[in-house]
*Asks:* 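One structure follows; several queries about it will come next.
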Amino acid sequence: MSIPLKVALIGNPNTGKTSLFNTLTGLKQKVGNYPGITVEKKTGTCKLSDSVTANIIDLPGTYSLNASSEDESIAVKVLSEKENAYYPDVVIVVAEVENLKRNLLLFTQVKDLGLPIVLAINMQDIMRAKGITIDVTALEQELNTKIVVLSAKKNTGIAQLKEAILNYKDISLVPCAIELNSILREANLNEKQKQHKDTVKRYQFIKSKLDRHYTIEITRAEGFRAKLDEVITHKVFGYIIFFTILFSIFQALFSWSEYPMELIDSTFAFLSDWTKNNLPEGVFTRLLSEGIIPGIGGVVIFIPQIAFLFLFLSILEESGYMSRVVFLMDKIMRKFGLSGKSVVPLISGTACAIPAIMAARNIENWKERLITILVTPFTTCAARLPVYAIIISLVIPKGNSFLGMSNHALVLMSLYMLGFGAAILSAYILNKVLKIHSKSYFVIEMPNYKMPLFKNVFYNVLDKTKAFVLGAGKIILAVSILLWVLASYGPGADFDNAEELIKTEFTNLEGEELDTKIASYKLEHSYIGTFGKFIEPSIKPLGYDWKIGIALITSFAAREVFIGTLATIYSVGSDDEATLMEKMKKEVHSDTMKPVFDFPTGISLLLFYAFAMQCMSTVAIVKKETNGWKWPMIQMFGMTIFAYLVALVSYQVFN
Amino acid sequence: MQTLDTLRKGDKAIITSFIVDDIPLKLIEMGCIEGSFVELIQKAPLKDPLYLNVNGTYLAIRKETASQILVEKV
């Protein structure tokens, strides 16, 4: 077996580059990040022949190598630094057949780096319908490179592409003969003016090469797009369609994930119990059944919702619809200091604020982008859902109230509205307060409408879900173990002598009742109990006891840790099989014997979770995206203080 | 000679000039350069942004940017 070939895949957005990557690598792909930055790195392997494999890196979609964004800088680095670990033996430039002229701009820039290039012209399947003809052989000579016409969708031309990669040594390394040096010598031009001149020269070159060998019948190309756009961007129907789609997505999200979530919940309760009863007793078994298993359960329970949300988002994106939404919403969003492009982060924020904040990168205007980053964490992310779900079922009575909608669904929907409302309102205020002037840049490609490809949607959902579960999972698992340790050991004699103390104080108790009493006494005097008691005075006015206090603190690792923490706290030392909800229902204040999770406390908790910034990963990503601690700190304290006040007022009113 | 934002739906024109520093680089890279063909496909419901075909690429830009681009109707 020879050393694998290193292949880089590059191309404009919407050219089917990702489809091609999925076709070539299939399940043998990995998603990660480039060291130090948050640009997504996709790599995979592909068998080219019996003896040769290729390691393929999928570079971010970009229109040029002008290095005006982080994505472009990465592409430039990989393609020009010979010592770079991903420096390729051969580059595949993916171009779309309908838009060849524009796609070739990137081609000429890569070609000038002196690398062998296979130009993959994608979407062969639409050529006939759009009246496109290409003289491949002539164009190969003009551009001095190897060309393969293929369809990533229909899987045609893939064998030829592999063969072209294998024979990369035959490809000319001569750069495009464009006279660019004169531009560089013009000292009075700024960087952008140089890039403009460079681009103009390259387009002239492309035109001279392409004109004779590429024809397109414009009229045939446009019928379908025009008709669909009439409806989708219509001043009335456009908005009706958008909000109907949005509403259906949320509806489906809840009803579809309800059963898998219940199943996961009870499975983990069973697993934890089984471990406890069947493994030899000891510290390890307790750590497993009381710390690790409930902790993992707290992550796994998200999978259905996250996966469904990414499914819908990637269908909207793949089909070309999302660009139309951006187009429709831009003017409205601008009134709140946002951009049409903020729609994508705000919708993605309902899955997770981290990819959502990264998606704000597409916003050209810095002020609009900053405001989007600052308000996105208000949208109800999936991590809040389990917290909402459990508290709603505890404190809101069942039954139907409104248009056949159940009380539970209605409250949940109100919480979503509240999140969006808070986001929009704070954007409006920030827009008035922030004195940042930047140009109102806004460019969005309006791609052709396409039937989403199953494989693209599938891999997208798989990658995103995996990244979320592994990313959040590590934190949650670590926190669960730490919590268990802090809850199982205590600082003073009170903890160590709990058994004797209780036995002498409550001589009439025995059996299970005695055990429970000892367990809760131990928890109260453990490290974590001591800490919870310490902060109790500050959260008492919100209606929370020290156990909820612990969960609030650990929630700063990630919101869903709230559930895991309560699961850990309540199962520590107790033996019954009850699921978490039953345990929470039974929980009473030790002094008044009233239930802890009553209506005022529940509402107060819901509101606190709706507004507070409780996610270290989000703080970290905001720091990265805004290059400093200023904005994430303002955001964290602003949101959390606001949440505290709202929860305080609501508890005092309802109580 | 008029600015791009004054075109009406369905109008076709040729880009004659613009001040480079007032235009996003991405727009230039997408083919918005002097001599390129441009067609106003549609205006968004609130008359802004504008949906254009520039040199074969379909894209949308804001009125503010469009008002910086001079065109000649054909």
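Chain identifiers are assigned alphabetically (A, B, ...) following the order of the sequence lines, protein sequences preceding nucleic acid strands; residue numbering begins at 1 within each chain. Side chains included, hydrogens not; waters and symmetry mates left out as well; all remaining heavy atoms used.
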*Asks:* Given A:Glu368 and B:Arg62, is the salt bridge (Lys or Arg N to Asp or Glu O under 4.0 Å) satisfied, shown in steps?
*Replies:* CA-CA 14 Å; A:Glu368 290 170 354; B:Arg62 286 181 185 163; 2.9 Å; yes
*Asks:* Measure the OG-CE distance between A:Ser64 and B:Met30 for me, rounded to the nearest 0.5 Å.
*Replies:*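 Between atom OG of A:Ser64 and atom CE of B:Met30 there are 11.0 Å.
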*Asks:* With a cut-off of 6.0 Å (strictly less than), are more than 12 heavy atoms of other residues, nucleotides or ligands near CZ of A:Phe242?
*Replies:*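 Counting neighbours around CZ of A:Phe242, more than 12 heavy atoms of other residues, nucleotides or ligands fall under 6.0 Å, so yes.
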*Asks:* Tell me which of these, B:Pro24, B:Gly56, B:Pro45, B:Gly31, has more heavy-atom pairs under 4.5 Å with chain A than the rest.
*Replies:*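 Among the listed options, the one with the most contacts to chain A is B:Pro24.
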*Asks:* Measure the CD-OG1 distance between B:Glu29 and A:Thr62 for me, rounded to the nearest 0.5 Å.
*Replies:*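 These two atoms lie 7.0 Å from each other.
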*Asks:* Flag the pair B:Asp21 and A:Lys192 as a salt bridge only when some basic side-chain nitrogen lies within less than 4.0 angstrom of an acidic carboxylate oxygen.
*Replies:*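 Here B:Asp21 does not pair with A:Lys192 in a salt bridge, since their nearest N and O are not under 4.0 Å apart.
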*Asks:* Out of A:Thr233, A:Ile332, A:Val236, A:Val326, return the one with the most heavy atom pairs under 4.5 angstrom to chain B.
*Replies:*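 Top count of heavy-atom pairs under 4.5 Å with chain B: A:Thr233.
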*Asks:* With rounding to the nearest 0.5 Å, note down the distance linking CD1 in B:Ile19 to CD in A:Gln193.
*Replies:*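 Rounded to the nearest 0.5 Å, the CD1-CD separation comes to 10.0 Å.
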*Asks:* Please look at A:Glu364 and chain B and tell me whether the side chain, the backbone, both or neither of the residue comes under 4.5 angstrom of a heavy atom of that chain.
*Replies:*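 For A:Glu364, the contact with chain B is made by the side chain alone.
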*Asks:* Measure the spacing between CD of A:Glu98 and OH of B:Tyr58 and express it to the nearest 0.5 Å.
*Replies:*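 Between atom CD of A:Glu98 and atom OH of B:Tyr58 there are 7.0 Å.
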*Asks:* Step by step, work out the side-chain contact (heavy atoms from CB on, under 4.5 Å) result for B:Leu25 and A:Asn66.
*Replies:* CA-CA 9 Å; B:Leu25 181 63; A:Asn66 284 332; 4.0 Å; yes
*Asks:* Between B:Glu34 and A:His196, is the side-chain contact (heavy atoms from CB on, under 4.5 Å) condition met? List the steps.
*Replies:* CA-CA 10 Å; B:Glu34 296 83 347; A:His196 167 238; 3.2 Å; yes
*Asks:* Heavy atoms under 4.5 Å from chain B: which residues of residues 100-109 of chain A carry them?
*Replies:*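 Under the 4.5 Å heavy-atom cut-off, A:Lys101, A:Arg102, A:Leu105 qualify.
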*Asks:* Of the backbone (N, CA, C, O) and the side chain (C-beta and beyond), which part of B:Lys9 lies under 4.5 Å from a heavy atom of chain A, both, or neither?
*Replies:*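 The side chain, not the backbone.
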*Asks:* Among B:Leu52, B:Ile61, B:Val20, which residue forms the greatest number of heavy-atom pairs with chain A at distances under 4.5 Å?
*Replies:*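 Looking at each of B:Leu52, B:Ile61, B:Val20 in turn, B:Val20 comes out on top.
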*Asks:* First locate atom CD of A:Gln204, then atom CD1 of B:Ile33, and finally report the distance between them rounded to the nearest 0.5 Å.
*Replies:*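 The distance works out to 7.0 Å.
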*Asks:* Considering only NZ, NE, NH1 and NH2 on the basic side and carboxylate oxygens on the acidic side, decide whether A:Lys331 and B:Glu64 come within less than 4.0 Å.
*Replies:*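 No, A:Lys331 and B:Glu64 are not salt-bridged.
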*Asks:* Please report the interatomic distance NZ(A:Lys235) to NZ(B:Lys47), rounded to the nearest 0.5 Å.
*Replies:*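 If we round to the nearest 0.5 Å, A:Lys235:NZ and B:Lys47:NZ are 6.0 Å apart.
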*Asks:* Just so I know, are the side chains of A:Arg324 and B:Tyr51 near enough to count as touching, which here means a heavy-atom distance under 4.5 Å?
*Replies:*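 With C-beta onward as the side chain, the pair touches.
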*Asks:* In this structure, are over 12 heavy atoms from other groups packed under 6.0 Å from A:Lys335 atom NZ?
*Replies:*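 Atom NZ in A:Lys335 is crowded, with more than 12 foreign heavy atoms closer than 6.0 Å.
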*Asks:* Looking at B:Thr57, B:Leu50, B:Ile41, B:Asn55, which makes the most heavy-atom pairs under 4.5 Å with chain A?
*Replies:*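 The candidate making the most pairs under 4.5 Å is B:Thr57.
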*Asks:* Which region of A:Asp229, side chain (C-beta onward) or backbone (N, CA, C, O), has a non-hydrogen atom less than 4.5 Å from a non-hydrogen atom of chain B, or is it both or neither?
*Replies:*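 For A:Asp229, the contact with chain B is made by backbone and side chain together.
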